[in-house]
There are 2 protein chains.
Amino acid sequence: MTRPAMTLSEIARIAGVSKMTVSNVINGKKGVAEETRQRIMEVIQETGYIANRSARNLASGRTRTIGLVVPKLNSNYTLYIGEILRGAGDAADQHHWDLLVCTTSDDEEREFRRIQSLASGLADGILVLLPRAEQSYLSLLQETHIPVITLDHGLIETPLPSIDVDNHTGGRLATQHLLDLGHRRIAFIGGTYSRAHLERLDGYQEVLKENGIPVDSELIVQGDYSQPSGFKAAEHLFNLHDPPTAIFALSDAMAFGVMESAGRRGLRIPDDLSVVGFDDIPMAGWVHPQLTTIRQPLYQLGETAINLIIAMTDGDVLPGQRMLLPVELVVRGSTTKAR
Amino acid sequence: MTRPAMTLSEIARIAGVSKMTVSNVINGKKGVAEETRQRIMEVIQETGYIANRSARNLASGRTRTIGLVVPKLNSNYTLYIGEILRGAGDAADQHHWDLLVCTTSDDEEREFRRIQSLASGLADGILVLLPRAEQSYLSLLQETHIPVITLDHGLIETPLPSIDVDNHTGGRLATQHLLDLGHRRIAFIGGTYSRAHLERLDGYQEVLKENGIPVDSELIVQGDYSQPSGFKAAEHLFNLHDPPTAIFALSDAMAFGVMESAGRRGLRIPDDLSVVGFDDIPMAGWVHPQLTTIRQPLYQLGETAINLIIAMTDGDVLPGQRMLLPVELVVRGSTTKAR
DNA sequence: CTGAAAGCGCTAACAT
DNA sequence: ATGTTAGCGCTTTCAG
């Protein structure tokens, strides 16, 4: 708590060897006599020595750290980020790399600063998981000399490598499922304007058209992925002259809002109303009835991203510009045949 | 993406000045001619130069970074961490410090490694927010030469400075509230064994005794802060010969589980059953009826912790060993008079 | 106001 | 198997 940290030189001096030998022991290099190794290890143990990271990074030119930039970690609409982080964290751990998580609070200046920080030698690669695509940080990313991958990225088509979820198929699967159950008035509660939103909407409309059902713009409502916005959207839909018999919400949280609204009006789910969500967060299995939803491979997204970017830092071949991860329809109790 | 990063020397060479002048400009030191400053800034802009963090940290001996160690960011029982993080992040930003968040997955080895990492010059101070108190990392924390604060810490009384929430009062407030409403059969759904759990339980029992109500161990059930565990605990309680008319759950998530279980049995809340949670996560205001709960000052906890530890790194006076933050009873719709 | 020298703690590349 | 030499890119200290 008070005394200054030990250094390599001191350890070397105490153990009566050169700095290099200590360095080799620390880094598990072979070519050190077992006896010497033992002695050095003892000194390290006793003194509680830990190698200084800055010095090590500076000298080696590598940090073995991946930076991950996210908007927030608490708000409802970013709940799914936790799962991505878990996948990324586990993967990083397996490689014995560190993961450095930075939050931006959806603030343009912070987005820029965080990325700049990471690019200034704090990390060997950057993973960007932001719903906003500001020109400021995008150009920074393109200029930086370390690998970058954007994850599930919002608005703009960038020349940066990206890993995305197959949102279009997600939109199709949900809609087709409801159609198969005989529903014809299927409402769509969208998220904030983003590529994910557009692609899912496109899938929804495509399936309707394929089945000869006109797209009714009255049934397409805007939300923001949060529970309250799903509630509000549902209230609006229920007040329509010809209300929907099924609702497809672009997040599980919004689907919960729909269920809440339905419950307050005495509508039973799934008998009076079928509901499909998106994400498959753990809570989807906890509510009653359990939520039918589109599962995003979030853990896998994090995992894949780490594996890929570490490969990139090793100078391995950079894979195709855009990678698409599959989604899956999970049928539970919140959907049933239309009456 | 490919060309190597710029260095201070190159900027200095291009601008035709010495390294020191560039350094002074970057760090906003005064005593640089405006003209020179302009010229250097231009070069920096054009080249996209960013100062290398490792070099800077190494030379200055400071990182202006606080490390925060948490178990996970996604699991239900750690949902409240997001709010702490928000407070910490905002406070760090105001000081222009960085926040480095590390997750451990409740894994002893990772706890140790993460803390060791941070103590190895990655951070100037460490905030520990772990529900587990393993001797391995505790002794490491006590040996380290940088300031450490434990937050809302679990099991063991350590000699480390700590910031905690007033759990005891929380337990009292919830119980007293239900008592005031006329309830006599008040169940308690606990969390995993920890100081927080014990203190809240103590408050609960204390108030009961003060009011001459015998503590019925049948009404004290163990949970793990998750929604499903609350559900299970409620199922158990409802099957008792003499079931409770009110339930106090040690997390909002468990309270949701209780509400779910009650709903499936046709018990109306609050008429047939009063429910009090703990935390006051945003979702507490979204469910129907809204949840009466004990609000923890989570944002403030994060904020306070950062302010304190930055002060400590500046060598400022170390405040009392243990700081207690107040809790608050938030009365909403899930509690009412006993019939 | 600006610059030169020294060194932060470590590793890479070469000796021995 | 171990030691020596040279820096990594920056800041600190002290001179001009």
Side-chain angles (χ1 to χ4, degrees), chain A residues 3-41 43-44 47-65 116-117 119-124 145-146, chain B residues 3-41 43-44 47-65 116-117 119-124 145-146:
Chain A
R3 72 177 189 293
M6 282 280 155
T7 68
L8 233 206
S9 309
E10 292 180 71
I11 301 296
R13 191 177 47 72
I14 297 175
V17 294
S18 79
K19 294 197 300 182
M20 265 331 288
T21 309
V22 180
S23 174
N24 285 334
V25 168
I26 287 169
N27 294 304
K29 301 243 170 91
K30 48 186 187 176
V32 179
E34 185 53 24
E35 198 186 347
T36 320
R37 216 186 63 80
Q38 290 286 341
R39 183 155 35 93
I40 293 173
M41 284 306 284
V43 177
I44 290 176
T47 54
Y49 167 74
I50 315 171
N52 180 304
R53 279 288 278 273
S54 296
R56 178 178 275 187
N57 293 344
L58 181 58
S60 72
R62 303 193 79 187
T63 61
R64 302 199 147 263
T65 299
Q116 186 165 285
S117 245
S120 71
L122 270 190
D124 292 342
H145 57 285
I146 63 176
Chain B
R3 75 175 188 294
M6 281 279 155
T7 69
L8 232 206
S9 308
E10 292 180 70
I11 301 297
R13 193 178 45 71
I14 297 175
V17 294
S18 80
K19 293 199 300 183
M20 263 333 291
T21 308
V22 179
S23 175
N24 285 334
V25 167
I26 288 168
N27 294 304
K29 301 244 169 92
K30 49 185 188 177
V32 179
E34 185 52 26
E35 200 184 347
T36 320
R37 215 185 65 81
Q38 289 287 342
R39 182 152 37 92
I40 293 174
M41 283 307 284
V43 177
I44 290 177
T47 54
Y49 167 74
I50 316 171
N52 180 304
R53 280 288 277 273
S54 296
R56 180 178 273 190
N57 293 345
L58 181 57
S60 70
R62 303 195 78 188
T63 61
R64 301 198 147 265
T65 298
Q116 186 165 285
S117 245
S120 71
L122 268 190
D124 291 343
H145 57 285
I146 62 176

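Numbers restart at 1 for each chain; the letters A, B, ... are given by sequence-line order, proteins then strands.
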Whole angstroms only, please: what is the [atom1]-[atom2] distance between [X] and [N]?
X	N	atom1	atom2	answer
A:R53	C:dT11	CZ	P	11 Å
A:L58	C:dT11	CG	C1'	10 Å
B:N57	C:dC10	CG	P	14 Å
B:R62	D:dT12	CZ	P	10 Å
B:I11	D:dC10	CD1	C1'	13 Å
A:L8	C:dG9	CG	P	10 Å
A:I26	C:dG9	CD1	C1'	11 Å

Hey, does the side chain of [X] come within less than 4.0 Å of [N]'s phosphate (OP1/OP2), counting only N and O?
X	N	result
A:Y49	C:dG9	no
B:T36	C:dT2	yes
A:K29	D:dA1	no

Query raised in the report: Between C:dC10, D:dT11, C:dT11, which nucleotide gets closest to the side-chain atoms of A:S23?
Result: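 Side chain of A:S23 sits closest to C:dT11.
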Query raised in the report: Is B:R53 reaching over with its side chain to a backbone N or O of A:S117, donor-acceptor style, under 3.5 angstrom?
Result: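 Absent.
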Requested in this report: Answer yes or no: is there a donor N or O on one side and an acceptor on the other, between the side chain of B:R37 and the main chain of B:V25, under 3.5 Å?
Outcome: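 No; judged by distance alone, with no hydrogens or angles, the pair does not exist.
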Requested in this report: Scan A:N27 against the nucleic acid and name what it touches under 4.0 Å (heavy atoms): base, sugar-phosphate only, or nothing.
Outcome: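 A:N27: backbone/sugar contact only, no base atoms under 4.0 Å.
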Requested in this report: Determine the minimum heavy-atom distance between B:G121 and A:S54, stating which atoms define it.
Outcome: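 That closest heavy-atom pairing would be O-OG, 3.8 Å.
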Query raised in the report: Side chains of A:V17 and A:R39: closer than 4.5 Å at any heavy-atom pair?
Result: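 Of all side-chain heavy-atom pairs linking A:R39 with A:V17, at least one is under 4.5 Å.
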Query - Close side-chain approach of B:I26 to B:R56, heavy-atom, < 4.5 Å - result: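 Yes, at least one pair of side-chain atoms sits under 4.5 Å.
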N/O contacts under 3.5 Å, protein versus nucleotides 3-7 of chain D?
from: D:dG3; atom 1: OP2; to: A:S18; atom 2: N; distance (Å): 2.6
from: D:dG3; atom 1: OP2; to: A:S18; atom 2: OG; distance (Å): 3.2
from: D:dG3; atom 1: OP2; to: A:T21; atom 2: OG1; distance (Å): 3.1

Query raised in the report: How about B:N57 and B:T63: does a side-chain donor come under 3.5 Å of a side-chain acceptor?
Result: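 No, B:T63 and B:N57 have no side-chain donor paired with an acceptor closer than 3.5 Å.
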Report task. Estimate the overall bend of the helix from C:dC1-D:dG16 to C:dT16-D:dA1 from the end axes over five pairs each, rounded to 10 degrees. Result ->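 Inter-axis angle at the termini of the helix from C:dC1-D:dG16 to C:dT16-D:dA1: 30°.
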Query raised in the report: Is it the case that more than 12 heavy atoms not belonging to B:E35 sit under 6.0 Å from its CD atom?
Result: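 No, CD of B:E35 has 12 or fewer neighbouring heavy atoms, counting only those of other groups under 6.0 Å.
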